[in-house]
There are 2 protein chains.
Amino acid sequence: MTKSLLIGELSTRTRVNIETIRFYEKQNILPVPARSAAGRRIYDDADVKRLNFIHRCRGLGFSLKEIMSLLSLVDDGNYTCKQIHELTATHAADVKEKIQTLQQMELVLEEMIEHCSKGDVPECPIIDSLFSN
Amino acid sequence: MTKSLLIGELSTRTRVNIETIRFYEKQNILPVPARSAAGRRIYDDADVKRLNFIHRCRGLGFSLKEIMSLLSLVDDGNYTCKQIHELTATHAADVKEKIQTLQQMELVLEEMIEHCSKGDVPECPIIDSLFSN
DNA sequence: CTTGACCTTGTAGTTACTACAGGATACATA
DNA sequence: TATGTATCCTGTAGTAACTACAAGGTCAAG
């Protein structure tokens with residue numbers, strides 16, 4: 001049988017913020033839960049599992065939209081490995097692109113920093129290069 | 001003498017969106033410009049220079065807050081190379097951290113993708129791993 | 001029976017824009 | 001002169017994914 005939890009327990013167990021859990025419900029990523037007589041949200045093991053899934057996906061940089069796509073494939077029950085692979089590969093490509101952009105930034109920043117005297121003087125090659133042209 | 005420009009020309013010259021230019025003004029990153037008799041914003045070479053600076057900084061991933069710090073140092077006229085260096089180095093460290101986070105994500109994503117059959121079957125190791133525990 | 005922990009809703013703030021709506025102005029052409 | 005169209009104006013709302021309240025209800029323990 002499945003154990004029932006209040007939102008605080010679900011939060012502790014999944015390490016997802018209470019506010020975030022309510023936010024996910026509003027976004028239709030988490031299903032509307034049962035309520036106690038006093039109106040409190042009641043969750044079960046399936047919710048723990050789903051929220052952990054969402055949390056892991058977020059940790060891998062998937063957007064909520066992408067997570068919804070993954071979840072609706074799973075919810076419909078008729079997903080194929082190929083479909084999941086495609087979504088994941090697309091996301092992985094996005095991540096790679098972001099890394100490249102950031103590495104380009106890093107390169108320029110490091111170069112600017114290198115040329116810097118770092119002194120208590122009112123001339124700075126960083127400012128000069130950014131203000132040039 | 002400095003040439004005066006309307007917002008559209010400033011936009012073309014700096015490749016910064018018109019809406020973005022007005023946004024920067026509202027954020028006090030760009031100074032309030034002069035106005036024509038009909039109320040149109042009038043810019044000059046100093047604005048071109050400043051907006052180019054902002055644009056480059058954005059391209060290097062500086063936040064508007066960071067850019068404001070840089071600009072106010074410059075505006076006050078009493079900045080030192082050391083101060084600029086510090087702001088830049090801090091930002092560079094942020095960028096490095098972001099890169100590392102993304103590389104971790106990439107690693108996990110690639111591993112998941114590798115284990116994938118990519119087939120038209122209803123079992124997927126990606127889903128399995130994300131739903132496990 | 002009160003205290004404190006926990007829950008509820010709803011709204012506003014964050015970042016850096018972007019996208020309108022609805023209206024005024026400027027200039028060239030018919 | 002009329003008209004078209006390009007440009008400008010203000011102000012508001014939407015985007016992503018939360019986070020942070022405010023103001024109030026509920027529950028268990030001492």
Side-chain angles (χ1 to χ4, degrees), chain A residues 4-30 32-43 47 50-51 53-71 91 94-95 97-98 101-102 105, chain B residues 4-30 32-44 47 50-71 91 94-95 97-98 101-102 105:
Chain A
S4 73
L5 314 161
L6 292 179
I7 199 167
E9 301 168 292
L10 179 62
S11 171
T12 309
R13 204 174 270 237
T14 57
R15 281 171 216 178
V16 174
N17 224 320
I18 290 182
E19 328 265 49
T20 305
I21 295 172
R22 286 195 283 248
F23 171 73
Y24 286 164
E25 181 185 331
K26 209 179 290 174
Q27 300 300 116
N28 299 314
I29 275 189
L30 282 180
V32 174
R35 296 278 182 147
S36 73
R40 302 196 164 175
R41 289 172 177 80
I42 298 185
Y43 298 98
D47 295 307
R50 191 183 187 86
L51 189 48
F53 175 87
I54 295 164
H55 196 41
R56 271 177 208 149
C57 287
R58 289 294 298 133
L60 292 172
F62 284 96
S63 70
L64 291 186
K65 215 175 207 169
E66 288 167 330
I67 296 171
M68 288 223 270
S69 298
L70 288 169
L71 280 171
H91 174 57
D94 289 354
V95 171
E97 212 182 304
K98 264 184 205 161
T101 304
L102 286 171
M105 289 180 189
Chain B
S4 73
L5 314 162
L6 291 178
I7 198 167
E9 302 168 289
L10 179 61
S11 171
T12 310
R13 203 173 271 237
T14 57
R15 280 171 218 179
V16 174
N17 224 321
I18 288 181
E19 328 266 47
T20 305
I21 295 173
R22 285 194 284 247
F23 171 74
Y24 286 163
E25 181 185 331
K26 209 179 289 172
Q27 299 301 116
N28 299 313
I29 276 190
L30 282 180
V32 175
R35 296 277 183 149
S36 75
R40 302 198 165 176
R41 288 171 179 82
I42 297 185
Y43 298 99
D44 61 20
D47 296 305
R50 191 182 187 87
L51 189 48
N52 272 330
F53 174 86
I54 295 165
H55 197 41
R56 271 178 207 149
C57 286
R58 289 293 300 133
L60 292 172
F62 284 97
S63 69
L64 292 187
K65 214 175 207 171
E66 290 168 327
I67 296 172
M68 289 223 270
S69 298
L70 287 170
L71 280 171
H91 174 58
D94 289 354
V95 170
E97 210 181 306
K98 266 186 201 159
T101 303
L102 287 171
M105 289 181 187

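Heavy atoms only: backbone and side chains are in, while hydrogens, waters and symmetry mates are out. Quick note on labels: first sequence line is chain A, next is B, and so on, each numbered from 1.
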Search all heavy atoms of B:G8 against all heavy atoms of B:I18 and return the closest pair with its distance.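 Distance-wise, the nearest heavy atoms are CA-CD1, 4.0 Å.
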
What's the shortest heavy-atom distance between A:Y43 and A:L6, and which atoms?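 Heavy atoms only, the tightest pair is CD1-C, 4.3 Å.
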
Quick check on the helix from C:dC1-D:dG30 to C:dA30-D:dT1: what's the angle between its two end axes, five base pairs per end, to the nearest 10°?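 One end axis against the other gives 30°.
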
Is there a side-chain polar atom (N or O) of [X] under 4.0 Å from OP1 or OP2 of [N]?
X     : N      : result
B:S36 : D:dC8  : no
A:N17 : D:dC18 : no
B:T20 : C:dA16 : no

Can you check the [X] [atom1] to [N] [atom2] distance for me, whole Å?
X     : N      : atom1 : atom2 : result
B:Q27 : C:dT15 : CD    : C1'   : 9 Å
A:E9  : D:dA28 : CD    : P     : 12 Å
B:H55 : C:dC17 : NE2   : C1'   : 13 Å
B:I67 : C:dT15 : CD1   : P     : 13 Å
A:E25 : D:dC18 : CD    : C1'   : 16 Å

Can you tell if the side chain of [X] reaches within under 4.5 Å of the side chain of [Y], non-hydrogen atoms only?
X      : Y      : answer
B:L60  : B:V95  : no
B:R35  : B:R41  : yes
A:I54  : A:V16  : no
A:L102 : A:M105 : yes
A:E25  : A:I7   : no
A:I67  : A:Y24  : no

Just by protein heavy atoms under 4.0 Å, how would nucleotides 9-17 of chain D read 5' to 3' in B, S and -? SB-B----B

Indicate yes or no for a side-chain donor-acceptor contact from B:D44 to the backbone of B:D47 under 3.5 Å, with no hydrogens or angles considered.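 The answer is yes, because a donor-acceptor pair under 3.5 Å joins these two groups.
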
